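The analysis underlying the following values was restricted to heavy atoms, covering all of them including side chains, and did not include hydrogens, waters or symmetry mates. Counting starts at 1 for both ligands and their atoms, following the listed order. On a predicted model such as this, the values are computed, not experimentally measured, just so you know.
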Amino acid sequence: MNKITLKLGLWFFFVMLMIQVCLFFVLHTGLVESRVEEELDALLARGNSHREVLEDSFHAETLHHIALMELKADTEVIITDDAQKILISSSKVDAGEKKIVSKKLKDIPRGGMILESRWKNEKYISTVSPYTAGENQSGYVYMFKSTDQIQQLISKLNQHLLFAAAVMFILLIITNLFLSKALTTPLIQMKQATEKLSKGDFSVQLPDRGDDELGELSRSITILAQDLKRLKEQRNEFLSSISHELRTPLTYIKGYADVARRKSIEEADREHYLQIIYEESERLSAMMKDLFDLAKLDRHAFIIQRTNIHLSSYLATVYEKMMPAFQEKEIRLDMNCDETLYVMVDPVRFEQILFNLLDNAIKYSDPHTKTSVIAQQEKGEVFIAIRDEGAGIPQEDLPFVFDRFYRVDKSRSRHLGGTGLGLSIVKELVEAHGGRIEVKSERNKGTAFVIWLKEEKE
Ligand SMILES: Nc1ncnc2c1ncn2[C@@H]1O[C@H](COP(=O)(O)OP(=O)(O)OP(=O)(O)O)[C@@H](O)[C@H]1O
Ligand SMILES: [Mg+2]
């Protein structure tokens, strides 16, 4: 048995046991008390009815008649005169009865009263009813009932209660076993699942447990396991693509360096090889910078300092900076921004987003095409669309363009100097700004990236 099951089971057991004991105690005393009370009431009523008979006709015959009646019943009667001298008794008067009859009586109400109710220690319980039959004949009717009978009655009651208690006890143990098992089984399964997770085994399967908190917890653990699994896979994939990406420029550098250091080659060729080595190193360091950015974004260590900026003047400065690159490739760049728009962005990081997208537009478009940047407001949000008339992205590649190192046409992008990190940085940065980015594209028609941000008031 598990520790928690035992602990919970014992707790539950003792609490329930205490409740049961208390309940039985209250029930028992209540039952006994009402039983004894009933007996006393009956005794008193019997005494009173004898009194009625006596008061109706006080004769020796009546006295005998009463005594005879009691002889047959399980109660006893003693009738005395005013001075408590016994006139008649239904059976032989014993010491217990004498003791009660000899008690001083004073101001007994007409309804009679209880003289002895201590059924536990005394031999009899007893009542007395006063009678007055004519001028000079009055006295008392004493009624007795042996406590043996009451004790018998109560021991029978005890037997019943004891039996009920035993049944309850067994039921308690059974429910206890089931309940603590039912409660702790999911907990134990989850504990085992998390142990497996911590050992790196992500194949965790927890049964569905409905909508309660335990169910939620178990679902969270399953999701956690899936996330961890995906993260691990992503990391492996990422590492292998990094090493792959590093290998190519390094192979170039090594190869060209090897050739360049030969004494026999022409100076012009050496120049050329050194140029290639330089370009490849540049590319490596750019890639390192991107990777470093991404790592920072992953750790949320990227500090984004947002300020409220006037979008159209901001876009104008970006336009200024990008213009020469577009001119060089003879691509037209149009910009159209609503004058009233304000957004909360980090100017440096947001520029990085736009540069990356515009850089792609240049890289993947042919000369004499057009790229447009349009910023507008829609339903409390601001969208900035960067649309080109370039090569487009095939439909099947669209879901992956934001993945790290993902390039549609590996060799072509490489030739253009791309590493496939630009868009993943863009996406992370947009999300760090609390926005989202969408892409739409059609082969040979063009591509549109749309950034959505919350609109700010001036
Ligand atoms: N405007 C676009 N038109 C056509 N294809 C695009 C466009 N933007 C991105 N792509 C495709 O998506 C891929 C990923 O783009 P991303 O910017 O992440 O990488 P990259 O441009 O190749 O390299 P980097 O930006 O890191 O220098 C590109 O290789 C390209 O195939
Ligand atoms: Mg790019």
Structural part of Asp388 in contact with ligand 1, heavy atom criterion under 4.0 angstrom: side chain

The one among Ala286, Ala448, Pro394, Gly422 that brings a heavy atom closest to atom 25 (O) of ligand 1: Gly422

Parallel, tilted or perpendicular: rings of Phe13 and Phe169 (30°, 60°): perpendicular

Those atoms of ligand 1 less than 4.0 Å from some heavy atom in Val408: 11 (C), 29 (O), 31 (O)

Tally of protein N, O or S atoms, where distance to the Mg ion (ligand 2) is under 2.8 Å: 1

Options Ser424, Gly446, Gly420, ranked by nearest heavy atom to atom 23 (O) of ligand 1, top entry: Gly420

Ligand 1 N/O within reach of Asp290 N/O, cut-off under 3.5 Å: no

4.0 Å heavy-atom contact, Phe402 with ligand 1: no

Pair Gln275, Glu279: side-chain N/O donor-acceptor within cut-off below 3.5 Å: yes

Close approach, Gly390 and ligand 1, non-hydrogen under 4.0 angstrom: no

Phe449 six-ring centre to Arg387 NZ/CZ under 6.0 Å and within 45° of normal: no

Ligand 1 contacted by Ala391 (non-hydrogen, < 4.0 Å): no

Minimal non-hydrogen separation, Gln305 against Pro347, with atom names: O-CD, 3.9 Å

Polar atom proximity, Asn360 to ligand 1 (N or O, under 3.5 Å): yes

Salt bridge (charged side-chain N to carboxylate O under 4.0 Å, His left out) partners of Arg262, counting only residues at least two apart: none

Ile393 N/O to ligand 1 N/O under 3.5 Å: no

No-hydrogen, no-angle side-chain donor-acceptor test under 3.5 Å, Asp293 and Gln352: yes

Whether Phe350 and Tyr314 hold their rings parallel, tilted or perpendicular, with breakpoints at 30° and 60°: tilted

Geometric class of the Phe400/Tyr406 ring pair [parallel <30°, tilted 30-60°, perpendicular >60°]: tilted

Salt-bridge present (Glu216, Arg219; N to O < 4.0 Å): no

Atoms in ligand 1 flagged as close to Tyr406, the criterion being non-hydrogen separation under 4.0 Å: 13 (C), 14 (C)

Salt bridge present between Arg270 and Glu266 (N-O < 4.0 angstrom): no

Polar contact flag, side-chain donor to acceptor under 3.5 angstrom, His310-Ser313: yes

Sidechain N-carboxylate O distance under 4.0 Å for Lys191, Glu195: yes

Option with minimal heavy-atom separation from atom 24 (P) of ligand 1, where the choices are Leu357, Thr419, Val426: Thr419

